[in-house]
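Here the structure is laid out as structure tokens; the discussion comes afterwards.
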Amino acid sequence: MSINTVTGAVSADDLGFTLIHEHLTAGMPGWELDPDDFNRKDEVASAVVKLKEIKELGVKSFVDPCPMELGRDPEFAAECASRSGMQVIIATGLYNEALGIPQHFRMMDADAIAEIYTRELTDGIGKTGIKAGIIKVATGGIPGMTASSNAISKAEMLTLRAAAKAQKATGAPILCHNSEVEPYGRQVLDVMAEEGVDFNKVLIGHACGVGDLRYYFDILDRGAWLGFDRFGLESIATDKLRLAGLMGLLAVGYDRIMLSHDAVHCLRGRAGGGFSAMLQGNPKWNYAHISRNILPQMRAAGVPEEKIRNLTTNNPRSYFKK
Ligand SMILES: [Zn+2]
């Protein structure tokens with residue numbers, strides 16, 4: 001079975017070194033109502049430079065799990081992919097209660113939402129003909145940006161069940177955003193278990209900033225994947241904390257983990273002002289940081305090449321394989 005990239009189908013065996021969670025474009029819901037000075041041609045050109053840079057560093061595939069209501073732009077992704085030669089996989093699915101899930105979806109049941117996800121995975125997104133290759137879900141908020149939620153909300157529960165149904169209908173994997181300060185990875189797995197989803201198809205994302213080994217063990221022992229996918233985003237958690245967790249897990253025999261930065265090429269709308277400050281506060285938060293700085297640190301600490309290959313290449317292949 002093949003995997004949908006924005007430029008066509010590939011086999012899981014051809015994914016190669018995969019960054020599992022990055023973004024080309026993103027926008028907070030409402031950005032499209034506030035005209036910005038977005039220059040598409042320039043933004044594509046500078047994204048292509050960044051993609052070519054990581055391609056030269058050995059990255060072959062780039063997953064952009066931007067949810068459908070957060071500035072996802074399939075045609076932008078397709079243009080960047082075809083001009084850079086990067087295999088780009090985009091998502092269907094919705095974001096969390098705090099920032100996303102428009103009311104339109106909250107008034108549906110899980111089957112109806114799953115039908116929309118399935119259509120985007122099998123027929124394409126809107127009239128673009130570009131197919132999603134992964135299903136996004138999200139729980140909790142964003143540290144420093146949204147209030148604490150205390151639990152998975154009703155609307156998030158709806159999207160989790162819809163994602164599970166679309167997963168079973170299509171074989172596409174599920175990638176879950178979780179807050180670092182209130183991570184609901186365990187509860188997400190409970191819902192997936194109720195829905196009969198194979199945990200090999202579930203990635204519990206943004207785990208690296210949680211820094212709680214018991215949380216990691218609980219998720220890994222159940223057979224799901226962990227995303228150590230915010231390297232360089234040191235305003236939330238330092239790379240030292242992320243690396244300590246990662247290398248500790250590897251040292252005691254766990255390696256069902258995938259790596260990324262959650263870096264964003266361009267944020268749409270006026271909110272981009274705050275975003276520039278965030279970029280300045282996180283100078284290493286870019287697509288090349290793992291290849292240039294994190295993997296060398298791991299090698300220097302004695303992590304064997306075989307483990308690095310699992311994190312970057314073998315694990316994404318197994319996760320996507322249908
Ligand atoms: Zn993200």
Side-chain angles (χ1 to χ4, degrees), residues 6 18-29 31 47 50-51 54 59 61-74 76-77 80 86 88-101 132-146 149 156 159-160 163 172-185 188 202-210 225-237 239 242 257-269 271-272 274-275 278-279 281-282 284-290 316 319:
V6 293
T18 302
L19 288 174
I20 201 69
H21 190 142
E22 308 292 344
H23 298 286
L24 289 167
T25 58
M28 293 300 139
W31 67 267
K50 292 180 188 174
L51 292 174
I54 52 170
V59 177
S61 298
F62 176 105
V63 179
D64 177 350
C66 181
M68 53 213 293
E69 80 279 39
L70 242 73
R72 181 185 66 172
D73 189 335
F76 185 96
C80 292
M86 181 64 63
V88 177
I89 295 165
I90 61 171
T92 186
L94 293 157
Y95 204 49
N96 56 20
E97 165 101 27
L99 294 172
I101 320 180
I134 194 165
I135 306 162
K136 176 71 173 276
V137 290
T139 68
I142 296 181
M145 205 170 157
T146 61
S149 63
E156 288 164 356
T159 64
L160 288 174
I174 295 174
L175 184 149
C176 185
H177 161 101
N178 297 280
S179 159
E180 285 91 339
V181 292
E182 46 179 12
Y184 298 126
V188 168
V202 182
L203 172 71
I204 299 300
H206 303 338
C208 43
V210 176
W225 302 96
L226 278 184
F228 271 56
D229 50 12
R230 278 187 160 171
F231 276 103
L233 189 47
E234 298 205 271
S235 56
I236 292 182
D239 281 349
R242 300 177 197 276
I257 300 165
M258 293 180 242
L259 307 181
S260 222
H261 311 90
D262 198 13
V264 182
H265 170 63
C266 71
L267 190 74
R268 300 297 307 270
F275 182 62
M278 198 171 163
L279 282 178
N282 293 283
K284 291 180 283 186
W285 192 38
N286 64 73
Y287 305 151
H289 177 48
I290 287 172
Y319 171 59

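When a ligand or atom number is given, it counts from 1 through the structure's own listing order.
- The distance between the ring centers of His177 and His206 falls below 6.0 angstrom.
- Note on the Zn ion (ligand 1): protein N/O/S atoms under 2.8 Å are His21 NE2, His23 NE2, Asp262 OD1.
- The salt bridge (Lys or Arg N to Asp or Glu O under 4.0 Å) test applied to Asp262 returns Arg230, not counting sequence neighbours.
- Checked against ring-ring contact (aromatic ring centres under 6.0 Å, His included), Phe228 has the following partners two or more places apart in sequence or in another chain: Tyr216.
- Remark: Arg72 pairs with Glu120 by the side chain to side chain donor-acceptor pair (under 3.5 Å) rule, at least two apart or across chains.
- Checking side-chain atoms of His261 against main-chain N and O of Asn286 turns up a donor-acceptor pair under 3.5 Å.
- Judged by distance alone, with hydrogens and angles left aside, the side-chain atoms of Glu22 form no donor-acceptor pair with the main-chain N or O of Asp64 at under 3.5 Å.
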